[in-house]
Every structure is written in C-alpha cells, then in structure tokens.
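Here the structure is laid out as structure tokens; the discussion comes afterwards.
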Amino acid sequence: MKKTISLIAVLLLLAMTVETAADNRRRTRPRAVPHAKRKVGNPNILVIDSGMNTRAMELYKGAVENAVSYAHMVNSYKRAWGDKVNVYCMVIPTAVALYCPDSLRYKTNDEQATLNALYGVLDPDVEGVRLLPVLQERKAENIYSRTDHHWAPLGAFYAAKEFAHRAKVDFKPLSAYDMKVVKNFVGTMYKFSGNVAVKNAPEDFVYYTPRDVSYRALFSEYIFNARKQVVGEREPVEGSFFRQYADGNGAAYCTFMGGDTKLTKVTTSTANGRKLMILKDSYGNALPGYLFSSFEEIYVVDYRYFRQHIVAYAQDHGITDVLFANNLIHASMKNTTDTYLKKQ
C-alpha cells in the first residue's frame, strides 16, 4: 500500500513538473500576431485574415536609390520641355504603407522614408504631389481595395483632388458624380496569394462617373506579337471610358478604359486650353475620370506599351501639363526609369 501511494505521488510530481515546464515555454515563446497569415512560398504578399474584412497587400521591397533615380528622370523630362510644359510628380503609395500592422512592419521597407527621399531631389520647377498624408487622413474610408493590388476609385478621387489643387484647375466634388457598384468583387490578390481567406471576403467595387460634363474617348489599341511585345497600334476608335462589369467579376478594375493596353485621348467640354498627359501604370487608370471638368483634353499613356518618344509626342499635341502617376513599387524599379529614359 505504501509503495502504491509513493508511486502515485511520484507520478503527480512528474505531471506537475511537465505542466510547469510547458507553462514556462508558453510564457517565453514569442506571441503570434492574431489573424496575420502570410502564404508560405509567396513572401511578397501579406494577408491579414480577419474574416469578411480580410485584406491582402503587396509588401514593398523597393530600394531608395532606385526611387531617387526615378525623380532624376522626372527632372530630365522637365528640362527637356522647359517652361512650355508644367510637370507634376505624383508617386502613389501602396496599401501596405497604410494598413500594415505595426507588429509586421519589419517585413516591408519604409515607403514614407523612400517617398521623402524621392520628393527631396525633385527640381524646384517640378511640382511634387505628395499623397501619403492625404490618404492617411482617409484610411478609415475604402480608399484601397482589400482583395486587389490596386487602390480603390475613392482613393484615386482624393489623389485627383490634390493634383487639381496643385495644377490650379477646377475640380468637382464627389456629389457631382454618379456612384456605381460591382458587388462580390474579388480582385487579383486571391490569385497572387492563393489564400482562401481572400476569396471568402468579397467586397464592393465602387466607382464614380461624372455628370454635367460631356466627353468623347478615343482608343488606339496596341498590337502585340506572340512574345507579348508591342509591334504597333490600331487606328483610333471611339468607345466608352467606363465599362460596366457584372457582379462578381474579378476584372472590375478594368472599368476604366478596359485596361492598360491602349493609348487613350479624351476630349471634354471644358474649354480652358489646358491639355493633360498622364504617364502611368495601372494605378493611374482610375485618375482621368475625375479630371474631365479640369482639362480640355486628357491623354492617358501607359509607359510600358507606348512606342513613341514622349517629349516629342507632348510637343506635337500641344500638351500643357504632364502628370507622372506611377505607384511606388514601379517608381522603385530600375527598369521603370530606364524605360522612361529610353522613350524620352
């Protein structure tokens, strides 16, 4: 009997020791960040899994020196055009600058510091349009998509407003637009991340079309060869600037001009003699529709596909204002700057 009691006591003591050791391990183990999941194998995508509010973001891995080179490239365009053309540099921050949890910021480079360096080397006669402070004030609104790598049309509205202020042109409030909605939108980030939490958190894609201004859009489609290289462009055809997508369509960001692979010219009823050229990547697609009351003509040029020399094209078409509107990831790529310089 005594041996049985002693054996039980030993077993109880052993169990208490194991439990105490486990408690100590739990206390000393680094705490996991709740609801923060990153798909293994895709280190450039961060998914914050929070149910129906799940957000996926591209991590920013750009180099400051490349962003500074981009600013010098913009300066060189201004010198080429001289006083005849107003030049604006509006580098668009990505969602991670606004929505990355503080506990995970070590995974991404500092967009604020990079933007400060970029704007800091712009020539005085290049107008820098800083967006991060503007967007930070509005981050509680739906200014960036949760399921797509682009910003949302509302974010582009606030950016266009800031640009119009810098350009000293008229700008209509959001009440002057009709709101349209594509429901159950899941954008590119589900495919990019492969994370089902993104697929299970659809959102409304909300965009705005202008009232009380007439406009005509002409599109010159680029022609691609089998290697996806641009080899020409078709004759301009008239079409709709805004395209309506059905609910659930993941391509809803192509609402604007149908995408990137065309040269677009918009002629408006705004007779002020101001002609704007927007040099952009896909982020810039959401900007022109807010500027039909601000400029007489708007040329939308995607630097990746445009085959002509940009300086001469602007001179030939009487451009008065040029807006560089690239997102910071592209502005931090050496290839972006090299492409612009090649096509100068």
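The figures that follow rest on heavy atoms only: side chains count, while hydrogens, waters and symmetry mates do not. Along the sequence shown, residues carry numbers from 1.
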Checklist outcome for this item: What one should report as the nearest heavy-atom pair of K280 and G284 is CB-CA, 3.8 Å
Checklist entry - Any donor and acceptor pair, going by atom type alone, linking the side chain of S240 with main-chain N or O of R243 inside 3.5 Å? => result no
Next on the checklist: Treating N75 as the side-chain partner and V121 as the backbone partner, does any N or O pair qualify as donor plus acceptor under 3.5 Å?
Outcome noted: yes
Checklist entry - Short question: side chain of D148, backbone of T188 - any donor-acceptor pair under 3.5 Å? => result yes
Checklist entry - Is a side-chain donor-acceptor pair under 3.5 Å present for Y60 with E58? => result no
Next on the checklist: Would you call the rings of F224 and Y305 parallel, tilted or perpendicular, taking 30° and 60° as the class edges?
Outcome noted: perpendicular
Checklist outcome for this item: Taken in chain and number order and not counting sequence neighbours, the residues that satisfy side-chain hydrogen bond (donor to acceptor under 3.5 Å, both in side chains) with Y303 are T336
Checklist entry - Between F256 and Y207, what is the ring plane arrangement, given parallel below 30°, perpendicular above 60°, and tilted in between? => result perpendicular
Next on the checklist: Aromatic contact between F185 and Y253, with the criterion being ring centroids under 6.0 Å apart: yes or no?
Outcome noted: no
Checklist entry - Under a 4.0 Å N-O cut-off, is there an ion pair linking K275 with D321? => result no
Next on the checklist: Between F219 and F241, is the ring centroid distance below 6.0 Å?
Outcome noted: no
Item to check | Partners meeting side-chain hydrogen bond (donor to acceptor under 3.5 Å, both in side chains) with R79 (sequence neighbours left out) | outcome: D123
Can you give me every donor-acceptor pair (side chain of residues 126-137, partner residue at least two apart or in another chain, under 3.5 Å) with its distance?
{"unit_1": "E127", "atom_1": "OE2", "unit_2": "R166", "atom_2": "NH1", "d": "3.4"}
{"unit_1": "R130", "atom_1": "NH1", "unit_2": "N116", "atom_2": "OD1", "d": "3.2"}

Checklist entry - Does N109 offer a backbone N or O that forms a donor-acceptor pair with the side chain of K61 under 3.5 Å? => result no
Checklist outcome for this item: Heavy-atom closest pair (V87 atom, K78 atom, distance to 0.1 Å) is CG2-CD, 3.7 Å
Item to check | Centroid-centroid under 6.0 Å between H309 and Y313 rings | outcome: no
Checklist entry - Is the gap between the ring centers of H165 and F171 under 6.0 Å? => result no
Next on the checklist: With no hydrogens and no angle check, just 3.5 Å: does a side-chain donor-acceptor pair link S145 and H150?
Outcome noted: no
Next on the checklist: Pair T270, F295 - check side chain to side chain contact (heavy atoms under 4.5 Å, CB included), show working.
Outcome noted: CA-CA 6 Å; T270 304; F295 291 89; over 6 Å; no
Next on the checklist: Ring centres under 6.0 Å, that's the criterion: do Y208 and F157 meet it?
Outcome noted: no
Checklist entry - What closest approach, in Å, do G273 and E296 show between heavy atoms, and which atom pair accounts for it? => result N-OE1, 2.8 Å
Checklist entry - How about E203 and T147: does a side-chain donor come under 3.5 Å of a side-chain acceptor? => result yes
Checklist entry - Would you call the rings of F324 and W81 parallel, tilted or perpendicular if under 30° counts as parallel and over 60° as perpendicular? => result tilted
Item to check | Test side chain to side chain contact (heavy atoms under 4.5 Å, CB included) applied to T114 and S332, step by step | outcome: CA-CA 9 Å; T114 303; S332 300; 4.3 Å; yes
Item to check | Donor on one side chain, acceptor on other, E111 and T94, under 3.5 Å | outcome: yes
Item to check | Check: D170 main-chain N/O paired with S294 side-chain donor or acceptor under 3.5 Å | outcome: yes
Checklist entry - Should the pair Y144 and W151 be assigned to parallel (<30°), tilted (30 to 60°) or perpendicular (>60°) ring geometry? => result tilted
Next on the checklist: Applying side chain to side chain donor-acceptor pair (under 3.5 Å) to N326 and Y340, what does each step give before you reach the verdict?
Outcome noted: CA-CA 12 Å; N326 294 112; Y340 272 118; 2.9 Å; yes
Checklist entry - Between T268 and Y215, is there a donor-acceptor pair closer than 3.5 Å when you use the side chain of the first and the backbone of the second? => result no
Checklist entry - Does some side-chain heavy atom of N66 sit less than 4.5 Å from a side-chain heavy atom of T337? => result no
Checklist entry - Regarding D302 and Y222, is there a side-chain donor-to-acceptor distance under 3.5 Å anywhere? => result no
Next on the checklist: Quick test of your reading of the model: are D212 and K172 salt-bridged, counting only N-O distances below 4.0 Å?
Outcome noted: no
Checklist entry - Is a donor on one side and an acceptor on the other found under 3.5 Å between the side chain of T255 and the backbone of A252? => result yes
Checklist entry - Can you check whether D338's main-chain N or O pairs, donor with acceptor, with K334's side chain at less than 3.5 Å? => result no
